[in-house]
Amino acid sequence: MTSRASSDIPSAYNAADVEKRIYQDWLDKDYFKATIDKDKTPFTIIMPPPNVTGELHLGHALEKAIEDALVRWHRMLGDPTLWLPGTDHAGIATQWAVERRLAEEGKNRHQFDREEFVELVWDHVRKFGGVIHEQSRRLGLSADWSRHKFTLDPGPSRAVRTTFLNLYNRGLIYRHERIINWCPRCATALSDLEVDYSEVDGTLYYIRYPIADDPANHVTVATTRPETMLGDTGVAVHPDDPKHKDALGRTVILPIMDRSIPVVGDEAIQPEFGTGALKVTPGHDPVDFDIGQRHNLPIINIIGLDGNITEAGGKYAGMERFQARREIAAELDAMGMLEKTEEYRHSVGHCQRCASVVEPLISLQWFVNLGKHDQPDSIAGRAHAAVAGGDIRVVPERFNRVYLNWLENIRDWCISRQLWWGHRIPVWYCGDCSHMTVSVEDPASCSGCGSTKLEQDQDVLDTWFSSGLWPHSTLGWPEDTEDLSYFYSTSVLETGYDILFFWVARMIMLGIENTGEVPFRTVFLHGLIRDATGAKMSKTRGNTMDPLELSDKYGTDALRFALTTGTAPGNDLRFTESRLESARNFANKVWNAARFVMTSLEGKPGLDGWHDLPLPSHREDRWIVARLDRVTAEVNTSLENFELGDAQQKLYDFIWNEFCDWYIEMAKIRMRSGTGPSPLPVLAHVLERTLRLLHPFMPFITEEIWQNLLARLPQESDSEGNTTESIMISPYPTANGDRRDDQAEEEIALVMQAIRAVRNARAQLHIPANQNLEAVVQANGALQALEEESEVIRVLSRVEPLRIYSGDSVPTNTGRGVTLVVDQLVVHLPLEGVVDLAAESLRLQEERDDCARNLERVSKLVSNPNFRAKAKPDVVETEEERLKSLQERKQRLDEIIQQISG
RNA sequence: GGGCGGUUAGCUCAGCUGGUUAGAGCGCCUGCUUUACACGCAGGAGGUCACUGGUUCGAGUCCAGUACUGCCCACCA
């Protein structure tokens, strides 16, 4: 990068100008590419793969900002760092998107054959698949694009088939006819997780089923779904329910169908609910299915895969299910069999993708046998143990329980989907024998009889089946690749808590099954982004914000900073533009501070040693270096604890409140007067290290400034592996305890307090800024420090003249005015005529009273033997020191008050 | 029906293992074109940390309960 004249540095940071150039530079230099160094422990994050045709929303931006920060931090720490990006084919979501487009053209997928349709989806992927990529670059993501994977790539596809085969051979994948969740719109089975339950206002229908040998009497059942009665094969009551004692064991006649069905007793029935009698439809309700199994009731499918009534539904055959509901209710009413209806609010399952009402029905599907959590060798059992036993740490910890709880109630996972887009199930059925050939490679012939009349299973696998392999399949599994053996198990899996079950749990289960190792050591979960009112952001609500638009407007760094600051891990975040403004202002502050430093050091000699910076001699320098050291330690600790927001807050405070507001202002004074050691090397040193500390969070602006800064500074050889090439490959600062200087910190704090006190008094008394005040300071124990800092005090508090005396030499006749007691200092502003002396006296008395109250509280505490015995020694010491300083303060205030009144 | 959060300044939120007089951003008030920055500077107002009880020398922080509120899970016919 060429050095530019300072006058060329614009006063406002223009993010758009620099981001593209810098990102391209990083790419060109291959900084993102992970390299294996067997002597070091790698840091690996597998990026959660967004939908290949999706667009990044704010949630993605948050996720990627967090991950990029972690990755950049580790890269700077010198860890071989891999952040592996990828995209997901997102079976049902992508197919649904294409089908919607077809629908807009008045078409549907059944007008195409499978190959044609899949080709349409590929067209869609090719058209929109690059968007995610481009957006990721705009966000500055330092992912290793050379290792990018797509779930349908040959490698991950092979991993899918291999997993299927292995689990099948171990008897853990099986094909079975059982009741599953069916989406009639998508025409596919869904897993339990893909069903969203929501409350809807419905109707509870009370239907009479006459008793066969006593038609004058009947059993009344209550149902929200009268159409399912067509498939009833029994009525169930609680065996001990006195209301139904007579009916139990008898036969009732199913109206409309005129079918005789038994009344059975089952413990699952709640006598208090409805009438206490349940119509049993084993074909279309999971509970009924179980009851049916227990009592050997036949299963009748009366709702087909298209959502219409089947042939088994008699005259209603072919009718759409909800129309059938209305018409059957009407017919029952006409027959006098509808006793009554009630409005009833209940929860109904909807397809997560298309929101259609899910229909439970019996279907032949593939399942993974997950076993039980307490079986040590089952899939669920091992996944449970991994978290329960601490092999995987979950941050924040509370999600541990959520995860374990879910596994404790897990049921087998339905993995087949009746879709066309996805990994087709690697099973071939023989046309000559009944044998199933399960294979990684497409088989040429039946493994049972050798016949070549093979037909592959029509179904594809649940998208989450392939996502569940992601940490190892992206690294090359099932091949024993160098990447796999080096980077697996990965370090951190970072994602939103909303896909803990969908994805995280599946990765743990399948990762352990396939590799015998956990897929990652730490799960770090972030919260959801909400809008200003706290509502979830969604396209249908129309309250989404486009990350790229925000990035254009405020800069990527500001966007990233705004998303990740001021929030705790796992907590949701209400996102408003005012957050962005604040972050943008901070970026601008950093920019301008840097501009000042760079302008100041332009062409100046004496900058040697700025990088390692020998311990400075000047108090202000010692102070800022000590503060930097402290902040460096805190930031590192926060990062180690995944408290990114905390780390950023600390940097924000340090840069703005200490470096800019105080140190730079102090430094200006020395720079103008030319006296004392030059602050320039310190300014350069502190700025440079601060930029490095900030880089993981604000990658672009820090790089831009850093390169400009280094171009103006002498090259230093040092112990840290210094580079001027890029901040992103320079070392992350760690705390160096020998920079601590408690004395400098205390003394500068005192100076700052004194300045604040004078400024305060000036503001209170409405003394114009350009009017100088006189000040007489009684320094007491801080004489030397005050004398040495007198210029700073004089200039920053606009005091002229400033006279400093030791405690015992201060003149008594300094005139009346305002007296400020600042810790051990007494600052007197002789303002006779300006100040209302009575008011000043009152103010001092209030201050004294306040001090006395505090003193009483602290002295009570310190004199409490329990406190002295039980509190930690350093706490006792702190309190004792406080007591002492309060006593001194009170004494001074007393003396002053006495003087005034005297 | 279970489980998990949240309730701290007008608003949005930090506050890690209990220990100064509880913090930030935004907003508000008062000054200020002070040659890095008005996306700024200086100063200020504003909080019985939801409520009740308990543990403790000491509680925003730990425990129990209550009230609101949000979310997750569950086969509420």
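Throughout, a chain's letter reflects where its sequence line sits, starting with A, and its residues are numbered from 1. Computed over heavy atoms, backbone and side chain alike; hydrogens, waters and symmetry mates excluded.
Closest-nucleotide positions on RNA chain B for A:L886 and A:W406 were compared, and the one nearer the 5' end corresponds to A:L886. Residues A:P271 and A:W662 each lie close to RNA chain B; by heavy-atom proximity, the contact nearer the 5' end of the strand is made by A:W662.
Nucleic acid contact for A:Q270: base, since at least one base atom lies under 4.0 Å from a heavy atom of the residue. Within 4.0 Å of A:K279, counting heavy atoms only, lies no atom of the nucleic acid at all. Among the atoms of the strands shown, none is found under 4.0 Å from any heavy atom of A:E881. The residue A:A583 sits apart from the nucleic acid: no heavy atom pair falls under 4.0 Å. The residue A:D661 sits close only to the backbone: its heavy atoms come under 4.0 Å of sugar-phosphate atoms, none of a base. No contact: A:R225 has no heavy atom under 4.0 Å from any strand. Residue contacts shown for A:R584 include a base, since a base heavy atom lies under 4.0 Å away. Contacts of A:E665 with the nucleic acid, taken as non-hydrogen atoms under 4.0 Å apart, include base atoms.
The phosphate of B:C75 has OP1 or OP2 within less than 4.0 Å of a side-chain N or O from A:R411. Distances shorter than 4.0 Å separate none of the side-chain N or O atoms of A:K872 from OP1 or OP2 on B:G58. Between B:G44 and A:N760, a contact under 4.0 Å exists linking OP1 or OP2 to a side-chain N or O. Dashed line: the shortest gap from a side-chain N or O of A:N854 to OP1 or OP2 of B:U20 is not under 4.0 Å.
Atoms CD (A:E877) and C1' (B:G19) sit 14 Å apart, rounded to a whole Å. Note: CG (A:N409) to P (B:G3) measures 12 Å, nearest angstrom. Rounded to a whole Å, the CZ atom of A:F561 is 11 Å from the P atom of B:G25. Rounded to whole Å, the distance from CD on A:Q649 to P on B:G25 is 8 Å. At whole-Å resolution of the value, CG in A:L601 and C1' in B:A36 are 13 Å apart.
For B:G31 and B:U8, the P atoms lie 33 Å apart once the distance is rounded to whole Å. Nucleotides B:C68 and B:C51 place their P atoms 16 Å apart, quoted to the nearest Å. Comparing B:U61 with B:G65, their P atoms sit 16 Å apart, to the nearest whole Å. Distance check on atom P: B:U20 versus B:G58 gives 15 Å, rounded to whole Å. With both ends at atom P, the span from B:C28 to B:U69 equals 31 Å, rounded to whole Å. Taking the P atoms as reference points, B:G43 lies 29 Å from B:G60, given to the whole Å. Between B:U55 and B:C62, the distance separating the two C1' atoms is 8 Å to the nearest Å. For the P atoms, the distance linking B:U12 with B:G70 amounts to 14 Å, nearest Å.
Across B:G43, B:G3, B:A36, the shortest atom-to-atom separation from the side chain of A:N405 is found for B:G3. Taking only side-chain atoms of A:Y652, from C-beta outward, the nucleotide of B:C73, B:G25, B:A36 with the closest atom is B:G25. For A:N592, counting side-chain heavy atoms from C-beta on, the closest listed nucleotide (B:G3, B:A36, B:A42) is B:A36. Closest to the A:S582 side chain, of the nucleotides B:U34, B:C26, B:G40, is B:C26. Of the candidate nucleotides B:C37, B:G43, B:C76, B:C37 has the atom nearest to the side chain of A:K589. The A:A871 side chain lies nearest to B:G19 when the options are B:A77, B:G19, B:G44. Among the nucleotides B:G19, B:G40, B:A77, the one closest to any side-chain atom of A:F273 is B:A77. With B:G44, B:C37, B:A42 as the choices, the nucleotide that has an atom nearest any side-chain atom of A:Q764 turns out to be B:G44. With B:A77, B:G40, B:C73 as the candidates, the nucleotide lying closest to the side chain of A:F501 is B:C73. Residue A:I269 has its side chain nearest to B:A77 when only B:A77, B:G19, B:A36 are considered.
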For RNA chain B, just give me the dot-bracket, please: Watson-Crick or G-U, both distances below 3.5 Å, ( ) intra-strand, [ ] crossing earlier pairs, | paired with another strand, . unpaired. (((((((..((((.....[...)))).(((((.......))))).....(((((..]....))))))))))))....
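A tilted orientation is assigned to the rings of A:Y652 and A:W656, their planes being inclined by 30° to 60°.
For A:F561 and A:F697, the gap between ring centers reaches or exceeds 6.0 Å.
By the side-chain contact (heavy atoms from CB on, under 4.5 Å) test, A:E888 pairs with A:K884, A:R892, sequence neighbours left out.
Residues A:R584 and A:E581 are not paired through a salt bridge, judged by the lack of any N-O separation under 4.0 Å between the basic side chain and the carboxylate. Using a 4.0 Å cut-off between a side-chain N of Lys or Arg and a carboxylate O of Asp or Glu, A:D290 and A:R294 do not qualify as a salt bridge.
At least one donor-acceptor pair under 3.5 Å links the side chain of A:D557 to the backbone N or O of A:F700. The backbone N or O of A:V523 lies less than 3.5 Å from no partner atom in the side chain of A:R393, so there is not a single donor-acceptor pair.
With contacts defined as side-chain heavy-atom distances shorter than 4.5 Å, the pair A:L278/A:I291 qualifies. Contact of the A:L58 side chain with the A:L550 side chain is registered, since non-hydrogen atoms from C-beta on lie closer than 4.5 Å. With a 4.5 Å cut-off on side-chain heavy atoms, A:I299 and A:T233 do not count as touching.
With no hydrogens or angles considered, no side-chain donor-acceptor pair links A:T495 and A:H526 at under 3.5 Å. In this model, a donor atom of one side chain and an acceptor atom of the other lie less than 3.5 Å apart for A:E577 and A:Y554.
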Take nucleotides 4-13 of chain B nucleotide by nucleotide from the 5' end and write B, S or -, depending on whether a protein heavy atom sits under 4.0 Å from the base, only from the sugar-phosphate, or from neither. SS------SS
For side-chain hydrogen bond (donor to acceptor under 3.5 Å, both in side chains), just list the numbers for A:T220 and A:T275, CA-CA rounded to whole Å, side-chain angles, deciding distance to a tenth of an Å, and then say yes or no. CA-CA 6 Å; A:T220 302; A:T275 62; over 6 Å; no
